[in-house]
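Below: one structure, written as structure tokens.
For this chain, numbers begin at 1 and follow the sequence in order. Order of listing sets the numbers, starting from 1, for every ligand and every atom in it.
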Amino acid sequence: MDTTETTLDETILIRDVDRGSHYIRDWTGEADGNPSFVARPRSVAEVVDLVRYCAEKGLAIVPQGGHTGLVEGASARIEGGHVLVSLERMNRIRAIDPLNFSVEVEAGCVLEVLHQAVEAEDLMFPLSLGAKGSCQVGGNVATNAGGINVLRYGMMRDLVLGLEVVLPDGRVWNGLKTLRKDNTGYDLKQLFLGSEGTLGIVTAASLKLFPRPSSIETMFLAVASASDAIRLFAAARRHLADLLSAFELISDRSVELARTMPDISNPLGTGAPYYVLLEASSSGPLDLEALVGGFLEFAMEEEMVLDGVRASSVTQAQRIWAIREGVVEAQVKHGTYLRTDVSVPISQVAACIDEVEAALAETVADGVVLTYGHIGDGNMHFVVMPPRDMPEGPDRRNWIKASEAVIFEVVDRLGGSISAEHGIGRAKRSAFEKRASATQMDLLRTLKSGIDPANRMNPGAIFE
Ligand SMILES: Cc1cc2nc3c(=O)[nH]c(=O)nc-3n(C[C@H](O)[C@H](O)[C@H](O)COP(=O)(O)OP(=O)(O)OC[C@H]3O[C@@H](n4cnc5c(N)ncnc54)[C@H](O)[C@@H]3O)c2cc1C
């Protein structure tokens, strides 16, 4: 296969790809893939040229955003024959419309940069996650990202008004509408949400905006059990006039791990098996402080909460959020381990946590189990880390697989999902294929072959 003779603009290509670069190494630091070259287009026209070139040369395409996805979806195949297309240079905010509460932004815009740009207009884009400083809007679309505000604002799927996509044959689908209501046939944009780069390259999106909150109340509450945390969640929804925007559970063991990171401490003196990070926010003339005060009084009276602290400044709120973010950041220092991203109906969350923790305590008693997650969406991350002295290799991989089987068994039994937000990528493909019905697989393959008949877009991601 000839990939040196090219009609492409050489200034968008990196032919000698550094294996230590972020194109090859994902957020966890693991290196994967062996792309024929990396392309960094600057415009839709350059993406089109590239896609046509790849079609001519029989090259597959792996789109890449911030490379923070946790399921090996944006890594080129190790055996080569792939072109990695990084959207990082297509990062412009094309237009903000404050009256329509919408923004049109290119796919390579980093999520945090988008936050800052719309905040300057007194607006808010509510999708927010730990990787916000690196992940890109295109990656958020392609993974249908969730994060900390889903319970109030929904996932990326609920926040996208329109998309611009370069299709596998080089045609551009301009679906960049900014309408709240549009029932003209199939909602094509939704096909690309969660498609993980397998149907086309997202080059831009129009997104919903919201008024920027003028009051935010952040608290860190100790609870005696997962079941009390879920009772507290139901009470918060009712007592906080639907202004609840985040409800995160963090187990004591997870807080302990986070505390190994610089400047992170537990603001509560009382030890507890679990903690809840709760945030409510409002814009306009509403007494959120009084509302939250009433809710906390009720929660204490009903003995849902053992102890708690309410942030009295932005810095204190940031310190509370740093605990949640520290749980994730501290993990990657511990060699290979199991990360899961599962969901069950909210009413089954407590049962799921209790059963998974009990089953893991029996099966992999020598490991460290961390439980945390967006439990207001029924979404938990169970992380299982092998003992520190267990060497990398087949035994460690088997140990990790055994832990995963324990978790997935409970999740399946409770009617849950093995991937609540990270997607399938390559890491979860066999687990997904095992669970998908024949009809589901048939529909997926029909869609894929209709849009990408030559299987050129991110082959091997989601399903074979
Ligand atoms: C610390 C941390 C916290 C996280 N927290 C959350 C969380 O709370 N919620 C959550 O949902 N996820 C979370 N994630 C996972 C990850 O950040 C998200 O999946 C994010 O949306 C990925 O964006 P990215 O730009 O890094 O995409 P990448 O990792 O680069 O790519 C992900 C997938 O999207 C495809 N893709 C990327 N860009 C495009 C494009 N322009 N067109 C077509 N396909 C494309 C890739 O091929 C790949 O399949 C977290 C990750 C980390 C490291």
Check Asn458 against ligand 1 and report side chain, backbone, both or neither, counting heavy atoms closer than 4.0 Å. side chain
I'd like to check whether Gln64 has a polar contact with ligand 1, where a contact means an N/O of the residue lying under 3.5 Å from an N/O of the ligand. no
Donor-acceptor side-chain pairing of Arg42 and Thr11 below 3.5 angstrom: yes
Please determine which of Asn140, Val150, Asn149 meets the side chain to side chain contact (heavy atoms under 4.5 Å, CB included) test together with Leu127. Asn140
Answer yes or no: are there more than 12 heavy-atom neighbours, outside Arg388 itself, under 6.0 Å from its atom CZ? no
Would Gly69 count as a polar contact of ligand 1, with the cut-off being nitrogen or oxygen pairs under 3.5 Å? yes
Inspect the surroundings of CZ in Arg319 and state if more than 12 heavy atoms from other residues, nucleotides or ligands are less than 6.0 Å away. no
dist Arg152:CZ -> Asp158:CG (nearest 0.5 Å) comes out at 14.5 Å
Backbone or side-chain N or O of Leu87 under 3.5 Å from ligand 1 N or O: no
Only counting residues at least two apart or in another chain, list the ones meeting side chain to side chain contact (heavy atoms under 4.5 Å, CB included) with Ala350. Ala226, Ser227
Report the nearest protein non-hydrogen atom to atom 27 (O) of ligand 1: residue, atom name, distance rounded to 0.1 Å. Gly139 CA, 3.5 Å
Considering heavy atoms of the protein only, find what lies nearest to atom 42 (N) of ligand 1 and give residue, atom and distance to 0.1 Å. Val202 N, 2.9 Å
Provide, to 0.1 Å, the distance between atom 20 (C) of ligand 1 and the closest protein heavy atom, together with that atom's residue and name. Asn140 ND2, 3.7 Å
Can Gly147 be said to touch ligand 1, with heavy atoms closer than 4.0 Å? yes
Classify the angle between the aromatic ring planes of Tyr372 and His381 as parallel (below 30°), tilted (30 to 60°) or perpendicular (above 60°). tilted
Glu196 (side chain) donor-acceptor with Ile424 (main chain) under 3.5 angstrom: yes
Inspect the contact between Arg253 and Glu357 and indicate whether a charged nitrogen and a carboxylate oxygen are less than 4.0 angstrom apart. no
Just to confirm my output: which protein heavy-atom neighbour is closest to atom 6 (C) of ligand 1, and how far is it? Leu129 CB, 3.7 Å
Enter the distance from Leu360:CG to Ile407:CD1 here, rounded to the nearest 0.5 Å. 5.0 Å
A student comparing Ala461, Pro63, Gly200, Gly138 should find that the heavy atom closest to atom 47 (O) of ligand 1 comes from Pro63
Between atom CG of Leu123 and atom CZ of Phe210, what is the distance when rounded to the nearest 0.5 Å? 11.0 Å
Does only the side chain of His422 get under 4.0 Å from ligand 1, or the backbone, or both, or neither? Count heavy atoms. side chain
Starting from atom 7 (C) of ligand 1, which protein heavy atom do you reach first, and at what distance in Å? Glu421 OE2, 3.1 Å
Given that the side chain starts at C-beta and the backbone is N, CA, C, O, which of these parts of Val141 lies under 4.0 Å from ligand 1, counting heavy atoms, or is it both or neither? neither
Does an N or O anywhere in Gly66 fall below 3.5 Å from an N or O of ligand 1? yes
Less than 4.0 angstrom from a charged side-chain N to a carboxylate O is my criterion; do Lys428 and Glu72 meet it? no
Which residue and atom name correspond to the protein heavy atom nearest atom 19 (O) of ligand 1, and how close is it? Thr143 OG1, 3.4 Å
Starting from atom 51 (C) of ligand 1, find the nearest protein heavy-atom neighbour and note its residue, name and distance. Thr68 O, 3.4 Å
I need the atoms of ligand 1 closer than 4.0 Å to a non-hydrogen atom of Ala145, numbered in the order shown. 11 (O), 21 (O)
Counting from 1, what ligand 1 atoms have a heavy atom of Gly146 closer than 4.0 Å? 9 (N), 10 (C), 11 (O)
So the atoms of ligand 1 within less than 4.0 Å of a heavy atom of Ile201 turn out to be 42 (N)
Give the residue, atom name and distance (to 0.1 Å) of the protein heavy atom nearest atom 3 (C) of ligand 1. Ala131 N, 3.7 Å
Compare all side-chain heavy atoms of Ile353 with those of Tyr274 and state whether any distance is below 4.5 angstrom. yes
Relative to the heavy atoms of His374, which atoms of ligand 1 are at a distance of less than 4.0 Å? 8 (O)
Give a yes or no answer on whether the side chain of Glu106 reaches the backbone of Arg92 with a donor-acceptor pair at less than 3.5 Å. yes
Check this for me - ligand 1, Asn144, N or O atoms closer than 3.5 angstrom, yes or no? no
If we only count N/O pairs under 3.5 Å, is Ser134 in contact with ligand 1? no
Heteroatom distance test (Val328, ligand 1): nitrogen or oxygen, under 3.5 angstrom: no
Options Ser419, Ala205, Ala142, ranked by nearest heavy atom to atom 45 (C) of ligand 1, top entry: Ala142
Using a 4.5 Å cut-off on heavy atoms from C-beta on, say whether the side chain of Arg89 contacts that of Ile12. yes
